[in-house]
Number of protein chains: 2
Amino acid sequence: MASSGPRSQRADWQRNHERLLAAARPLVARDGAQVSLEQVAREAGVGSATLHRHFPSRRALLDEVFREAVEHLRRRGDELVDGDPGAGLLTWLEELTVAAVETRGLTASLEADADGGPSSAADCHGVVREATVHLMDRALAAGAVRPGTSPDDLLALVTAISLANEGNPAAARRLLRLACDGVRP
Amino acid sequence: MASSGPRSQRADWQRNHERLLAAARPLVARDGAQVSLEQVAREAGVGSATLHRHFPSRRALLDEVFREAVEHLRRRGDELVDGDPGAGLLTWLEELTVAAVETRGLTASLEADADGGPSSAADCHGVVREATVHLMDRALAAGAVRPGTSPDDLLALVTAISLANEGNPAAARRLLRLACDGVRP
DNA sequence: CTACGATATGGGGTGCCACCCCGTTTGTCC
DNA sequence: GGACAAACGGGGTGGCACCCCATATCGTAG
């Protein structure tokens, strides 16, 4: 289960994998999800074919780039499970939104994949979804959330807001609050 | 005011303008906002330089493509002003969302422009914004909407939902309702 | 009806990109 | 150290947005 290092891959494979991720991180931070894959390969000192072999899709690259950040979010989710269920869920949604909006490209990895499968090994969407489901279960049981609300819908709402407000935490926060409070008084 | 036809342009300019829009309409319907501008020009039987001269930005092309559709929406907004303020606003938001999600590329024209100015003559965002403001004023006065809610935020929420759910009216509707009702019971 | 100047055109260039083919290099294991 | 699988990467293909500038077309003044 704990695939800390793919032992079955050749040494140069691991080396290049690291180099690609190291090159990708600052470029993704600057350019977001639309980062030029060619440039990542160039910066890593690696042929573009190699990049495409290591990461069959843009999403696969982003998912690995954001592995740590998402792991961090997951741990934060675990912490919030210990507090008030209603407040915990809202705090989680807000912190999730802010992280997504402040970290260029992250939203792309949090979105539900159009294809069904958990394509990537570092499935960012899956990890965040699980944490959300957990927090929602508690909030639902405590009656802090309208019954019938789906965690997937809630997550879709957060990613939609994040996607449309990349780099603008204030606006994203405002829209999230609006959505949580509802339009009617 | 009524700029039905730019009289100051040469005849061939108008002819090519029409051809470009006629070519763009089906292609945008198929490919959405990411339509290839080269292909539009090719299909219109026009050099790509001409397309770029007629439409200095992708947004400018989309805005003209959706002029009629947005005009239609605006009229629908006028109708809704005559009914119940609260229900009218919610109906408006829902119809707006469904139209945006079902009409590929439309959301791009409804989004607030990153740049400040009303860049395009056929300012789709502006038209829809005005209708939204009007309906919100009435709903606020009737106490059907939480005070302090901004029409721009509401519109941003609708476009965010639409952008992330292009081609999926059911999901978009669900998220909109979720946002209108709020998360808490 | 003609000639002329402003207006508009478009072929082709530049620089970028994703993605892939296939001959070559590099690890690895015996 | 040798053989074989695994990995690599230069370079090709096809596509795109956007622009330059020599050429063609339009509308009008005479």
Side-chain angles (χ1 to χ4, degrees), chain A residues 3 5-24 26-28 30-65 104-105 108-109 113-115 119-121, chain B residues 3 5-24 26-28 30-65 104-105 108-109 113-115 119-121:
Chain A
S3 62
R7 196 172 294 276
S8 59
Q9 310 286 23
R10 259 167 52 166
D12 53 347
W13 191 96
Q14 297 199 23
R15 185 164 43 80
N16 281 336
H17 208 74
E18 274 310 312
R19 281 187 185 175
L20 282 165
L21 286 173
L27 290 174
V28 169
R30 201 190 58 188
D31 301 338
Q34 289 75 35
V35 63
S36 155
L37 302 182
E38 293 288 328
Q39 196 176 359
V40 170
R42 236 179 291 132
E43 204 85 5
V46 149
S48 66
T50 297
L51 181 144
H52 286 283
R53 231 174 278 119
H54 280 251
F55 305 100
S57 70
R58 180 175 296 270
R59 171 67 178 262
L61 173 62
L62 294 174
D63 271 0
E64 289 205 31
V65 163
R104 300 209 62 175
S109 281
D113 205 344
D115 324 344
S119 48
S120 170
Chain B
S3 61
R7 196 171 293 280
S8 60
Q9 309 287 24
R10 259 168 51 168
D12 52 348
W13 190 95
Q14 298 199 22
R15 184 165 43 80
N16 282 334
H17 207 75
E18 275 311 311
R19 281 188 186 174
L20 282 165
L21 286 173
L27 290 175
V28 169
R30 201 190 59 190
D31 301 337
Q34 290 75 34
V35 62
S36 155
L37 301 182
E38 293 287 329
Q39 195 177 0
V40 170
R42 237 179 290 130
E43 204 86 4
V46 149
S48 66
T50 297
L51 180 143
H52 286 283
R53 229 175 278 116
H54 281 250
F55 305 101
S57 70
R58 179 175 295 271
R59 170 68 176 262
L61 173 61
L62 293 174
D63 271 0
E64 289 205 31
V65 162
R104 300 209 60 175
S109 280
D113 204 344
D115 324 343
S119 47
S120 170

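Reminder, nothing fancy here: chain letters follow the sequence lines and each chain counts from 1. Predicted model, so just to flag it, every value in this text is computed and none were measured.
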Measure the distance from [atom1] on [X] to [atom2] on [N] and round it to the nearest whole Å.
X: A:R42; N: D:dG9; atom1: CZ; atom2: P; value: 15 Å
X: B:R59; N: D:dA17; atom1: CZ; atom2: C1'; value: 19 Å
X: B:N16; N: D:dA24; atom1: CG; atom2: P; value: 17 Å
X: B:L37; N: D:dG15; atom1: CG; atom2: C1'; value: 13 Å
X: A:Q14; N: D:dA6; atom1: CD; atom2: P; value: 15 Å
X: A:E38; N: D:dC16; atom1: CD; atom2: C1'; value: 14 Å

> Heavy-atom contacts under 4.0 Å between residues 47-56 of chain B and DNA chain D, which residues?
Replying inline: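 Under 4.0 Å from DNA chain D: B:S48, B:A49, B:H52.
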>> Under 3.5 Å, is there a donor on one side chain and an acceptor on the other for B:H17 and B:E64?
In response: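 Looking only at side-chain atoms, B:E64 and B:H17 do form a donor-acceptor pair, the distance falling under 3.5 Å.
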> What is the minimum heavy-atom distance between B:A33 and B:L62, and which atoms define it?
Replying inline: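 Between these two residues, the closest heavy atoms are CB-CD1, 3.9 Å.
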> Of the non-hydrogen atoms in B:L20 and B:A41, which two are nearest, and what is the gap between them?
Replying inline: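 Minimum heavy-atom separation between B:L20 and B:A41: CD2-CA, 4.2 Å.
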>> Are the side chains of A:R30 and A:V35 in contact, using a 4.5 Å heavy-atom criterion?
In response: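 No; the side chains remain at least 4.5 Å from each other.
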> Can B:N16 and B:L51 be said to form a side chain to side chain contact (heavy atoms under 4.5 Å, CB included), step by step?
Replying inline: CA-CA 9 Å; B:N16 282 334; B:L51 180 143; over 6 Å; no
> Any side chain to side chain donor-acceptor pair (under 3.5 Å) pairs touching residues 31-47 of chain B, not counting sequence neighbours?
Replying inline: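 Residue pairs with at least one partner in residues 31-47 of chain B: there are none.
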> So where does chain A start and stop touching DNA chain C, 5' to 3', when the test is distance under 4.0 Å to a non-hydrogen atom?
Replying inline: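 On DNA chain C, the outermost contacted nucleotides are C:dC17 to C:dT28.
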> Does B:R19 reach the main-chain N or O of B:G45 with its side chain, forming a donor-acceptor pair under 3.5 Å?
Replying inline: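 Side chain of B:R19 to backbone of B:G45: no pair is present.
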Would you list the protein and nucleotides 25-29 of chain D atom pairs, both N or O, that sit under 3.5 Å from each other?
residue, atom, partner, partner atom, Å
D:dT25, O2, B:R10, NH1, 3.2
D:dT25, O2, B:R10, NH2, 3.1
D:dC26, O4', B:R10, NH2, 3.3
D:dG27, OP1, B:A11, N, 3.1

> For A:A60, what residues pass the side-chain contact (heavy atoms from CB on, under 4.5 Å) criterion, not counting sequence neighbours?
Replying inline: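 Counting only residues at least two positions away or on another chain, A:A60 forms a side-chain contact (heavy atoms from CB on, under 4.5 Å) with A:F55, A:P56, A:S57.
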>> Which residues pass the side-chain contact (heavy atoms from CB on, under 4.5 Å) test with B:R104, not counting sequence neighbours?
In response: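 With sequence neighbours excluded, B:R104 shows a side-chain contact (heavy atoms from CB on, under 4.5 Å) to B:E166, given in chain and number order.
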> Hey, what do you get for CG (B:L37) to NE2 (B:H52), rounding to the nearest 0.5 Å?
Replying inline: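 So the CG of B:L37 and the NE2 of B:H52 are separated by 5.5 Å.
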> Where do B:L61 and B:H54 land on the side chain to side chain contact (heavy atoms under 4.5 Å, CB included) test, with the steps shown first?
Replying inline: CA-CA 8 Å; B:L61 173 61; B:H54 281 250; over 6 Å; no
